[in-house]
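Everything on this sheet refers to the single structure shown next.
Whatever order the structure lists them in is the order used to number ligands and atoms, beginning at 1.
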Amino acid sequence: MRKPLVAGNWKMNGTKASLNELKLLGDAYSAGLRAKVDVMVAPPATLIFVAAAGAVGTGIIIGGQDCHAKVSGAHTGDLSAAMLFDSGAKAVIVGHSERRTDHAETDADVKAKAEAALAQGLTAIVCVGETRAQREAGKALSVVAKQVKASVPDGASADEVVIAYEPVWAIGTGLTPTIADIAEVHAEIRKVIARKLGKEASAKMRILYGGSVKPENAKEILALEDVDGALVGGASLKAADFLKIIEAA
Ligand code: PEP
């Protein structure tokens, strides 16, 4: 059985005042829920240290939104996986489509970042997903398969890596693929992982869906056999909404 993971990506949103949402979430994330669903929040880097300290004892995992592939060096503005770990993060999102687009990150870059995360003992949440043009051209499955093959570290285990399928056109738009389309892509990702990492890793690896998940659609999406949780952007900013998605999982 794969324990679902509901992960919130705050992106470039949040100041110290937003930590109150984390406090509300921690208070509501009861022992009963904890036993059934893992929860992660990736606040902006400025809040990781204090968020991680505040999350102690709540069961909430604090994660980063990106990391550099190197441990240290002359890379102004960047953060290494070692720094995230040092700040209390236990996981990091890599290859989010906004990073792939805004910072021209390639699959090779994403793989190097994921490897850096694993080397520091962080769980890597590796994001993949097709653009609208790629889906309309009937290439969604092949694009995602190629990204998974090239972005996930070789030899990784199911404890180290989580995959997030996030169609680029669904992120922040309110649009979602059909339930059948989500199921089809998730099944394809599991097949690709089986070929790359073996059947056991594939059976155990969590594959999240991301892209306009909200309380209203979470239940239907999260009920799919190969959907093992969600990566949530906008709806993770308010504890009350995020909690409804956690409960749906
Ligand atoms: C995301 O950025 O990972 C995401 C899924 O955003 P949203 O939920 O806002 O579509």
Side-chain angles (χ1 to χ4, degrees), residues 4-14 18 21-22 25 37-45 47-48 60-67 84 89 91-103 105 110 113-114 117 122-132 134-135 140 143-144 147-148 151-152 161-179 181-182 185-186 189 206-222 224 226-249:
L5 167 67
V6 176
N9 173 14
W10 284 10
K11 310 192 186 191
M12 199 171 72
N13 297 294
S18 321
E21 294 299 322
L22 209 52
L25 187 67
V37 190
D38 286 336
V39 169
M40 183 193 108
V41 173
L47 297 178
I48 289 176
I60 297 172
I61 300 159
I62 298 298
Q65 298 176 11
D66 176 53
C67 68
L84 293 175
V92 61
I93 299 167
V94 292
H96 190 283
S97 70
E98 286 151 18
R99 299 287 316 175
R100 289 179 185 261
T101 304
D102 298 354
H103 301 271
E105 290 184 8
V110 175
K113 287 170 181 234
L122 297 176
T123 301
I125 301 184
V126 179
C127 301
V128 295
E130 82 285 359
T131 62
R132 177 185 284 281
Q134 288 164 335
R135 175 156 285 277
V143 165
V144 169
Q147 288 177 332
V148 171
S151 305
V152 173
V161 168
V162 174
I163 313 275
Y165 167 54
E166 300 205 297
V168 178
W169 53 273
I171 295 177
T173 58
L175 303 171
T176 50
T178 64
I179 289 296
D181 286 343
I182 295 174
V185 178
H186 278 240
I189 292 172
R206 292 184 287 189
I207 306 173
L208 315 184
Y209 169 77
S212 296
V213 176
K214 36 188 186 265
E216 298 75 36
N217 61 15
K219 206 163 184 176
E220 195 183 15
I221 295 170
L222 291 164
L224 289 169
D226 278 312
V227 174
D228 309 309
L231 180 53
V232 185
S236 70
L237 296 171
K238 289 273 164 245
D241 290 340
F242 194 45
L243 195 66
K244 284 185 196 139
I245 298 171
I246 294 165
E247 283 166 348

Check: With no hydrogens and no angle check, is any side-chain donor or acceptor of Asp228 less than 3.5 Å from a backbone partner on Ile207?
Finding: yes
Notebook entry, point to check: Can you name the closest pair of heavy atoms from Met12 and Gln65 and give their distance?
Noted result: N-OE1, 4.4 Å
Check: Of all heavy-atom pairs between Tyr209 and Pro167, which one has the smallest distance, and what is that distance?
Finding: CE1-CD, 3.6 Å
Margin query: Distance alone, cut at 3.5 Å: any donor-acceptor contact between the side chains of Glu21 and Ser18?
Written below: no
Margin query: When you compare the side chains of Thr123 and Arg206, does any donor N or O come within less than 3.5 Å of an acceptor on the partner?
Written below: no
Next item on the list: Not counting sequence neighbours, which residues clear side chain to side chain contact (heavy atoms under 4.5 Å, CB included) with Ala164? List them please.
Entry: Ile125, Cys127, Glu166, Leu208, Leu231
Can you pull every nitrogen or oxygen pair between ligand 1 and the protein closer than 3.5 angstrom?
from	atom 1	to	atom 2	distance (Å)
ligand 1	2 (O)	Lys11	NZ	2.5
ligand 1	2 (O)	His96	NE2	2.7
ligand 1	3 (O)	His96	NE2	3.0
ligand 1	3 (O)	Glu166	OE1	3.1
ligand 1	3 (O)	Glu166	OE2	2.6
ligand 1	6 (O)	Lys11	NZ	3.4
ligand 1	6 (O)	Gly233	N	3.4
ligand 1	8 (O)	Gly233	N	2.8
ligand 1	9 (O)	Gly234	N	2.9
ligand 1	10 (O)	Gly172	N	2.6
ligand 1	10 (O)	Ser212	N	2.8

